[in-house]
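I have placed the structure first, in the form of structure tokens, so that the comments after it can refer back to it.
Counting convention: from 1, in listed order, for ligands and their atoms alike. We use all heavy atoms of the structure for the numbers below, so side chains are in, but hydrogens, waters and symmetry mates are not.
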Amino acid sequence: MRTVLYSIVLVSLLAFTADRKDEGFVNSNFSFVQQQLKFMLKETETRNKLAFPRTTDASGKMTTTNMYDWTPGFFPGSLWYAYEYSKDPALQQEAVAWTEKLEPLKDFTQHHDLGFMVYCSYGNAYRLTGNKAYRDILIQSARSLSTRFSPVTGSIKSWNQFKSWHGDKRYYYPVIIDNMMNLELLFFAARETGDTSFRHIAVTHAATAMKNQIRKDYSSYHVVCYDSLTGKVEGRETAQGYADNSTWARGQAWGIYGFTMVYRETKDPRFLKTAEGMADFFLDHKNLPADKVPYWDFNAGEKGYEPGVNSNALKVTTRYRDASAAAITASALFELSGYVKGKEQKYRKAAIRMLRTLGSPAYRAPAGGNGNFVLMHSVGSIPHKSEIDVPLVYADYYFAEALQRYRASL
Ligand code: GLY
């Protein structure tokens, strides 16, 4: 009896110590996120009011985009996560101000990224404040995004056109795996309004992607191009990955996150199976380094994978890592670990390992360095010769979200 009691006390003590260690890790990293955001806010005061942080230039200085690029929602989103953690009213005030700059986006229809742009900003704003004006902007944005859906292709068109790396061929109905992320906005709008068409579009898009974009081994094609009149697949290529048949690390991360989220919203086991398969492909891959931050493409430089003749990937032999892919995957795995049976610990431990690597000096910037971004060593697009081995605003956003999910799970 006494031995049993001792064992229980010992196990509880160990769990308590582990939780304290985890809490310490989350707290110190959130404090760092907060500190870098405050430095960045200072820097933004010297810039155009409608310039949104994105990455750094060759001299290490912050560079920005306008609101119509795909990333303006991540800076306000990071401010919301930092506020959620700290309850610092100054951060809330900034989060509100940066979110509200994006209001014109509610009527934007020129590409599919509206989900990223408004759900990371206004979605978090509504979740944390309950301000009904934000809900209305989200719903109008969902209407705008829905205009890009076609029942013929069963998909939301990502870009208005895509030029192949292989020559002059252009496609006019490209759908990229990243698009899975934009569906969250539609599920939200369906719930809030009771209008089932939003949900129908999201579920149809996810089912089409599951069929056409995911390979048998649960790796993913980056771009699937459709014939808009027949709905037939015209091509499967890559835009940001190494080769058409390779697996671009961030694309795989978007898929893991996206199908996990679609399972949360639908409880359809097909989507869970896809999320699990994609996560297992990522985590069990022979080319995933032990620290669990992937190379930018799982197959970069491998035999049997050939970049298109016009792709800059042909000239790059360095095996760059992509911290953004790890941050997105870590966040997704915290959620996925709550849905699976038998693999909870596999996914949770991998997520923690990723975060611990990202939070180490190998990836986390020195205070006030890195253009005031949090994480170093991400890759935007090697084929485009753009944003190689740099900080990226979305890497920081998903790092903060993953820290928040880690914290909530303790
Ligand atoms: N959605 C664009 C990217 O991941 O680079």
Side-chain angles (χ1 to χ4, degrees), residues 52-56 63 65-75 77-78 105 108 110-121 145 148 155-163 165 174-185 205 209 213 219-224 237-242 246-259 261 278 282 293-298 300 311-313 316 320-332 373 375 377-399 401-402:
F52 292 81
R54 162 78 163 249
T55 179
T56 52
T63 64
T65 70
N66 69 27
M67 77 169 75
Y68 300 103
D69 207 317
W70 74 280
T71 52
F74 294 117
F75 182 55
S78 295
L105 292 179
F108 180 74
Q110 286 312 299
H111 56 68
H112 71 145
D113 286 314
L114 208 54
F116 283 116
M117 295 149 91
V118 303
Y119 204 69
C120 300
S121 51
L145 179 59
R148 298 186 66 83
S155 300
I156 295 165
K157 179 159 63 173
S158 291
W159 305 319
N160 294 340
Q161 58 168 296
F162 164 61
K163 186 165 182 286
W165 290 120
V175 177
I176 64 174
I177 185 69
D178 323 28
N179 206 338
M180 290 297 302
M181 301 295 286
N182 296 309
L183 307 180
E184 196 165 7
L185 172 67
H205 181 101
Q213 204 121 20
S219 63
S220 47
Y221 289 102
H222 184 204
V223 192
V224 176
E237 300 201 7
T238 196
Q240 285 161 264
Y242 184 73
S246 74
T247 300
W248 175 47
R250 194 164 58 250
Q252 192 73 9
W254 293 137
I256 298 166
Y257 192 119
F259 282 106
M261 175 271 296
M278 294 190 81
F282 192 114
V293 175
Y295 297 109
W296 70 280
D297 188 297
F298 281 96
S311 168
N312 181 59
V316 174
Y320 290 103
R321 303 285 196 101
D322 183 10
S324 76
I328 296 157
T329 304
S331 185
F373 290 93
L375 297 181
H377 306 311
S378 288
V379 165
S381 181
I382 284 182
H384 294 88
K385 205 175 175 184
S386 166
E387 301 175 333
I388 301 173
D389 197 16
V390 290
L392 288 167
V393 67
Y394 42 96
D396 289 7
Y397 172 86
Y398 288 101
F399 181 63
E401 184 183 83

I want to know whether [X] and [Y] have ring centres closer than 6.0 Å.
{"X": "H384", "Y": "W165", "result": "yes"}
{"X": "W70", "Y": "F116", "result": "yes"}
{"X": "F74", "Y": "F52", "result": "no"}

Hey, does [X] come in under 3.5 Å of ligand 1, counting only N/O atoms on both sides?
{"X": "R250", "answer": "yes"}
{"X": "W248", "answer": "no"}
{"X": "Q240", "answer": "yes"}

Looking at atom 2 (C) of ligand 1, what's its closest protein heavy atom, distance included?
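Result for atom 2 (C) of ligand 1: D178 OD2, 3.1 Å.
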Using 30° and 60° as the class boundaries, would you call the ring planes of W296 and Y242 parallel, tilted or perpendicular?
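Perpendicular: the ring planes of W296 and Y242 meet at over 60°.
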